[in-house]
Amino acid sequence: MEIQWSLVLFTVLTGGAGWALGCVAVDEFTQKTKNDTNFIAAIVAIVLAAVGGIASVTHLSHPENMLAALSHPTSGIFTEALLVGLTAVFALVYVILLKRNAAASARKLFAVLAAVFGIVLAFASGASYMMDAQTAWNTPLLPLAYGGTTMPLGVAVYLAVALAKHEEGMGQYFMLLLVGGAVAAITGLFYGVATGVASQEPLLMWGLVVAVGGVVPAVCGWLGRKMPPSALALAGVAAGASFAGCVALRCAMWATSAVVNNFFGML
Amino acid sequence: MRNALVVDLDRCSGCFSCEVACKMENGIALGSYYNKVLTVGPFGEFPKLSQYFLPVACQQCENAPCVHVCPTGASYRDPDTNVVLVDKAKCIGCKYCMMACPYGVRSWNQEEKVVEKCTLCGHLTSNGELPACVHNCPGGARFYGDLDDPSSDVSKALAAAEPDAVHTLTDVGNAPATSYILSKRYAEWQDSSTLQGAGRYLQKKGE
Ligand code: SF4
Ligand code: SF4
């Protein structure tokens with residue numbers, strides 16, 4: 001099947017937003033940032049989720065019929081739409097609470113809610129493709145890779161915002177980036193090898209998903225752990241590299257789509 | 001009630017009448033299908049080669065994946081006839097049903113930008129007529145009716161067939177309700193997952 005770019009963008013951007021909100025929630029508890037970082041990072045995450053959501057709608061020929069989805073609330077698309085909506089609403093409430101200097105407990109609650117729904121979405125958007133008919137997609141390793149590859153993206157975006165706001169002491173987040181890079185490489189690798197997608201699309205899977213989308217952010221995480229002067233640049237490189245890795249994984253998935261029989265040749 | 005088709009490949013001569021009648025009856029665009037006649041083979045060792053024709057359409061799966069994935073209920077099972085249908089007015093064009101159908105037997109209507117597929121000619125059968133493909137098959141190779149009714153044409157065709165001559169396309173949990181009759185004396189049935197090829201000609205993988 002040809003690559004569905006709007007769905008590629010949707011799953012990458014919403015996944016990155018989910019993990020960035022995860023960093024915001026972590027920071028609500030560890031209080032590492034001093035400036036406006038969490039406010040800006042939450043806004044960036046909301047924008048990413050919104051752009052991703054709009055991208056997914058461009059894939060539809062008749063979005064005006066979407067309300068009919070309310071009659072079938074168990075489908076993958078309905079679940080994804082619900083998760084995007086809940087993530088954005090919780091993140092928005094968090095931003096408002098932050099601006100109004102609300103109680104820390106309320107802020108923490110909404111930061112955690114936004115993070116949980118956002119991160120669940122990062123995985124759930126891959127689960128929608130688990131179909132018995134699709135031989136290379138029908139494995140739980142696919143949603144794991146969907147969620148895993150977006151982890152360094154979200155962490156790198158958070159780091160980039162924090163460093164642009166001149167935060168110090170972000171070493172732990174760079175260590176989280178190191179972990180995220182490893183998670184991206186491992187989940188991408190497992191999916192690719194177990195399904196044979198890695199041998200069908202070696203350049204995308206080994207070159208872009210594992211090396212660029214996993215190893216590069218991990219190395220950036222390692223180099224940035226002591227907050228060198230180049231920390232912001234490292235976060236930027238990691239964000240770009242993991243974005244490329246996320247896109248590559250999804251392109252490889254579409255390129256290797258194979259149903260039992262494609263009798264009408266429409267796929 | 002489980003309305004479905006039975007296709008007797010022992011009698012199918014690959015004449016394309018069902019495909020043409022279907023296109024005429026349902027006004028299907030050039031290059032699109034609700035029903036398509038394929039050729040399987042030749043396979044085997046020369047000079048013992050076999051080949052058969054395989055007309056394919058929606059298999060009316062009992063556990064229809066297209067219905068499960070459809071976000072809007074546009075792909076649904078008719079509660080009265082048990083036939084899997086598409087309500088075009090509800091389709092958002094996400095194509096998930098096309099991805100989920102194991103056999104690639106759904107079509108994309110370029111003009112209306114919605115998915116469509118074989119309806120078992122519900123507009124005819126609701127008036128007591130036969131689907132166009134069944135009515136127009138010169139070989140008498142196609143049967144339509146209720147699998148739960150022993151007196152229906154499909155039940156009688158299946159009862160008359162040798163038990164080892166009754167087949168379905170590869171089942172990946174979707175339980176296709178359409179049966180194909182192919183006797184060993186004509187050709188060895190090939191599991192559809194072992195077939196490959198583009199267009200109308202399918203070969204055994206590796207041959
Ligand atoms: S053959 Fe395809 S279109 Fe027909 S019921 Fe099965 S999954 Fe749906
Ligand atoms: S393309 Fe239409 S019929 Fe198919 S799953 Fe989407 S909404 Fe349902």
Side-chain angles (χ1 to χ4, degrees), chain A residues 1-7 10 55-84 124-139 142 253-267, chain B residues 31-36 38 54-57 63 65-76 87-110 112-115 117 169-174 191-200 202:
Chain A
M1 211 166 161
E2 72 258 32
I3 296 166
Q4 304 290 311
W5 286 105
S6 39
L7 297 179
F10 167 68
S56 77
V57 174
T58 64
H59 154 78
L60 307 175
S61 57
H62 289 285
E64 73 277 10
N65 295 340
M66 197 62 204
L67 274 186
L70 293 173
S71 67
H72 193 197
T74 53
S75 72
I77 292 189
F78 182 86
T79 312
E80 288 169 22
L82 188 70
L83 286 171
V84 181
S125 60
S128 297
Y129 301 109
M130 286 172 60
M131 301 170 178
D132 291 335
Q134 291 280 354
T135 42
W137 298 1
N138 194 28
T139 161
L142 180 65
M253 182 202 94
W254 286 106
T256 54
S257 141
V259 285
V260 179
N261 297 112
N262 182 14
F263 285 141
F264 290 178
M266 287 259 169
L267 295 170
Chain B
S32 291
Y33 311 90
Y34 285 4
N35 176 52
K36 183 178 181 184
L38 304 167
L54 182 70
V56 291
N63 185 21
C66 55
V67 174
H68 296 319
V69 299
C70 178
T72 60
S75 280
Y76 70 106
D87 178 351
K88 292 186 188 176
K90 280 189 182 170
C91 178
I92 54 172
C94 67
K95 297 188 181 172
Y96 269 52
C97 55
M98 296 180 78
M99 299 174 210
C101 172
Y103 314 116
V105 289
R106 299 193 139 229
S107 283
W108 179 247
N109 185 319
Q110 283 289 357
E112 297 176 53
K113 302 262 180 279
V114 290
V115 163
K117 67 166 200 75
L169 299 182
T170 303
D171 183 356
V172 287
N174 49 301
D191 193 280
S192 76
S193 66
T194 66
L195 299 173
Q196 65 176 13
R200 295 196 175 269
L202 304 175

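Just so we're on the same page: letters track the sequence lines, and every chain starts at 1.
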Most chain A-contacting option - heavy-atom pairs closer than 4.5 Å, from B:Val114, B:Val56, B:Leu38, B:Thr170:
B:Val56

Please walk me through it: do B:Lys117 and B:Val105 pass side chain to side chain contact (heavy atoms under 4.5 Å, CB included)?
CA-CA 7 Å; B:Lys117 67 166 200 75; B:Val105 289; over 6 Å; no

Engaged part of B:Ala89 at the chain A interface, taking heavy atoms whose separation is under 4.5 Å
backbone

Whether the side chain of B:Lys36 engages the backbone of A:Phe263 through a donor-acceptor N/O pair (distance < 3.5 Å, no angle test) should be reported.
yes

Given that the side chain runs from C-beta out, which part of B:Arg106 has a heavy atom under 4.5 Å from chain A: side chain, backbone, both or neither?
backbone

When the 4.5 angstrom heavy-atom criterion is applied to B:Lys88 and chain A, the contacting part is backbone

Proximal component of B:Glu112, with respect to chain A [non-hydrogen, under 4.5 Å]
backbone

Pair count under 4.5 Å, heavy atoms only, with chain A: among B:Leu202, B:Ile92, B:Leu195, B:Val172, highest is B:Ile92

Region of A:Ser56 that comes under 4.5 Å of a non-hydrogen atom in chain B
neither

Taking every heavy atom of B:Pro102 against every heavy atom of B:Pro65, the minimum-distance pair comes out as CD-CG, 4.0 Å

At a heavy-atom separation under 4.5 Å, does B:Tyr34 approach chain A through its side chain, its backbone, both, or neither?
backbone

How long is the gap from CE on A:Met130 to CG on A:Asn138, to the nearest 0.5 Å?
5.5 Å

Does any N or O in the side chain of B:Thr72 come within less than 3.5 Å of the main-chain N or O of B:Lys90, such that one atom is a donor and the other an acceptor?
yes

Less than 4.5 Å to any heavy atom of chain B: does that hold for the side chain of A:Leu60, its backbone, both, or neither?
both

NE2-CG distance between B:His68 and B:Asn63, expressed to the nearest 0.5 angstrom
3.5 Å

Could you measure the distance from the NE2 atom of A:His59 to the NZ atom of B:Lys95? Nearest 0.5 Å is fine.
7.5 Å

Can you say whether B:Cys91 sits under 4.5 Å from chain A via the side chain, the backbone, both, or neither, judging by heavy atoms?
backbone

Over 60° means perpendicular and under 30° means parallel, so classify the ring planes of B:Tyr33 and A:Phe264, tilted if in between.
tilted

Separation of B:Tyr76 OH from A:His72 NE2 (nearest 0.5 Å)
14.5 Å

In terms of heavy-atom pairs under 4.5 Å, which option from A:Ser61, A:Ala81, A:Pro73, A:Ala133 contacts chain B the most?
A:Ser61

What residue, out of B:Gly73, B:Cys70, B:Cys101, has the most heavy-atom pairs lying under 4.5 Å from chain A?
B:Cys70

Would you mind telling me which of A:Met1, A:His62, A:Gln4 has the largest number of heavy-atom pairs within less than 4.5 Å of chain B?
A:His62

Donor-acceptor pair, B:Tyr103 side chain versus B:Ala57 backbone, under 3.5 Å?
no

Contacting moiety of B:Val67, where chain A heavy atoms sit under 4.5 Å:
backbone

Select one option (side chain, backbone, both, neither) describing which atoms of A:Leu7 are under 4.5 Å from chain B's heavy atoms.
side chain

By a 4.5 Å heavy-atom criterion (distance strictly below it), what part of A:Ser257 contacts chain B: side chain, backbone, both, or neither?
neither

Work out which heavy atom in B:Leu54 is nearest to a heavy atom in B:Leu169; give both atom names and the distance.
CD2-CD2, 4.3 Å

Given heavy-atom pairs under 4.5 angstrom as the criterion, report whether the side chain, backbone, both or neither of B:Asn35 touches chain A.
backbone

Ranking B:Ser107, B:Gly173, B:Cys94, B:Ser193 by heavy-atom pairs under 4.5 Å to chain A gives rank one to B:Cys94

